[in-house]
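Working notes, beginning with the structure itself.
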There are 2 protein chains.
Amino acid sequence: MADGAKTPDAPVDLGALGESLGFLLRLAQLRAFEGFFEAMGDHDVRPGEVSVLMLIARNPGLRQGVLARHLSIKRAHMAKMVAQMERSGWIDRRVPDDDRRAVELSLTEAGRKYLSQVQPAFDTHEADAARPLSPQDEATLKRLLKRYLSLPNGKDPT
Amino acid sequence: MADGAKTPDAPVDLGALGESLGFLLRLAQLRAFEGFFEAMGDHDVRPGEVSVLMLIARNPGLRQGVLARHLSIKRAHMAKMVAQMERSGWIDRRVPDDDRRAVELSLTEAGRKYLSQVQPAFDTHEADAARPLSPQDEATLKRLLKRYLSLPNGKDPT
DNA sequence: CGCAATTAGTTTCCTAGTAGACAAATTCTG
DNA sequence: CAGAATTTGTCTACTAGGAAACTAATTGCG
């Protein structure tokens with residue numbers, strides 16, 4: 001019953017791995033996603049879906065490829081996600097007249113409603129996603145990650 | 001929203017996503033792995049394999065499950081990786097007498113040689129893995145990631 | 001001791017994600 | 001304009017990774 005899963009842990013020497021940025025980032029991402037699923041438990045939703053919904057909500061008419069590029073999701077995968085989410089009735093696909101190769105995405109009414117149900121849980125999760133870190137450390141970490149990614153840092157979208 | 005925010009170069013508003021720790025970590029990890037593959041180009045090797053080789057090299061006789069836990073790789077997946085790497089002749093699996101369920105891992109001579117070929121490329125990669133960041137920023141980022149992960153820091157035990 | 005519970009690893013089946021070929025629409029070039 | 005090159009999204013096939021059931025060995029408890 002005690003699901004603490006206490007494990008006989010011999011000390012393991014990580015060597016240079018323990019200083020590897022890629023390794024640390026991988027562990028950190030796994031940890032963060034763990035927190036996401038824990039916080040979202042009730043809603044059966046994945047991080048990628050939330051990000052897609054949020055971006056379409058903020059940028060109606062966004063093209064699939066542009067969405068994929070900004071989320072670092074491959075086009076092929078985005079096609080599947082979008083097809084699934086259209087089937088779920090959350091998003092609408094429209095082929096614009098000025099470029100009939102493209103697909104412009106927008107949220108359906110159901111999609112907006114669904115997002116509004118999920119968003120609070122997501123926001124709550126975000127609020128303490130960095131739990132072991134102090135607010136200052138959290139801010140510094142995010143700032144450095146954005147710098148590493150060459151993303152604009154400010155919250156002012158001028 | 002009849003206005004078209006749909007041009008390929010149009011600025012995309014990330015909204016709260018741009019401040020999401022999980023999202024930033026995911027992008028950062030993808031970026032880091034990109035750098036890994038770029039640096040390793042010649043060697044056909046994956047990050048997980050390098051980490052497994054490095055940990056076994058440092059901790060001969062390490063058990064599969066312990067290895068998996070420290071690398072945050074699921075046991076099922078580790079079983080497959082280890083089977084593959086044994087087939088490649090890099091690692092040796094030994095069932096200890098005191099617990100015949102367990103498997104103790106060690107590098108073969110070929111494994112040591114292979115690692116010694118891969119390690120320099122990995123070290124070079126690590127040396128400028130955080131390229132857009134200053135050395136101070138890189139150190140801070142790693143320190144904060146370790147703190148986030150509740151890992152010992154090695155230099156600055158706060 | 002004998003039997004239940006636990007642990008280590010494996011196997012099977014499934015989902016997420018990628019690579020690369022592809023088709024259609026558009027743009028570029030002479 | 002015709003035809004090449006590029007862009008946009010999709011399709012097929014493949015790999016990585018995970019959940020859960022399973023086997024075998026060990027431990028715990030009467």
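Chain letters run A, B, ... following the sequence lines, proteins first, then strands; residues in each count from 1. The model shown is predicted, which means the values in this text are computed figures rather than measured ones.
- Ranking D:dG17, C:dG9, D:dT8 by closeness to the B:Lys80 side chain, first place goes to D:dG17.
- If you measure from atom CZ of A:Arg63 to atom P of C:dA25, you get 15 Å, rounded to the nearest angstrom.
- In the region residues 90-103 of chain B, proximity to DNA chain C at under 4.0 angstrom, judged on heavy atoms, holds for B:Arg93, B:Arg101, B:Ala102, B:Val103.
- Considering only side-chain N and O atoms, A:Gln64 lies under 4.0 angstrom from the phosphate OP1 or OP2 of D:dT10.
- For the pair B:Phe33 CZ and D:dT15 C1', the interatomic distance rounds to 15 Å; values are reported in whole Å.
- A parallel orientation is assigned to the rings of A:Tyr114 and A:Trp90, their planes being inclined by less than 30° (bins at 30° and 60°).
- Atom-to-atom, NE2 of B:His77 to P of C:dC13 comes out at 18 Å; the value is rounded to the nearest Å.
- Taking only side-chain nitrogens and oxygens, B:Arg75 never comes nearer than 4.0 Å to OP1 or OP2 of C:dT10.
- At the phosphate of D:dA16, OP1 or OP2 sits under 4.0 Å from a side-chain N or O atom of B:Arg46.
- Hydrophobic clustering (side-chain heavy atoms under 4.5 Å, transitive across Ile, Leu, Val, Met, Phe, Trp, Tyr) groups A:Val12 together with A:Leu24.
- Among residues two or more places apart in sequence or in another chain, the side-chain hydrogen bond (donor to acceptor under 3.5 Å, both in side chains) test is passed with A:Arg112 by A:Glu109.
- Side chains of B:Arg26 and B:Gln29: a donor-acceptor N/O pair is absent below 3.5 angstrom, by distance only.
- Regarding B:Glu34, its CD atom lies at a distance of 11 Å from the P atom of C:dT18, rounded to whole Å.
- Look at CD on B:Gln84: it is 13 Å from P on D:dG17, rounded to the nearest Å.
- As a whole-Å value, the separation of A:Phe37 CZ from D:dG18 P is 11 Å.
- When each of A:Ala79 and A:Arg26 is assigned the nucleotide of DNA chain D with its nearest heavy atom, A:Ala79 is the one assigned upstream, toward the 5' end.
- The residues A:Arg100 and A:Asp98 are annotated as not salt-bridged, no charged nitrogen and carboxylate oxygen being separated by less than 4.0 angstrom.
- Across the protein-nucleic acid pair, B:Leu105 atom CG and C:dA8 atom P stand 14 Å apart, rounded to whole Å.
- Looking at residues two or more places apart in sequence or on another chain, you find a side-chain hydrogen bond (donor to acceptor under 3.5 Å, both in side chains) between B:Glu138 and B:Lys142.
- In this structure, B:Phe33 and B:Phe37 have perpendicular ring planes: the angle between them is above 60°, well past the 30° mark.
- Nearest-nucleotide mapping onto DNA chain C: of A:Ala76 and B:Ala76, the residue sitting toward the 5' end is B:Ala76.
- Computed from coordinates, the A:Asp44 CG to C:dT15 P distance equals 12 Å when rounded to whole Å.
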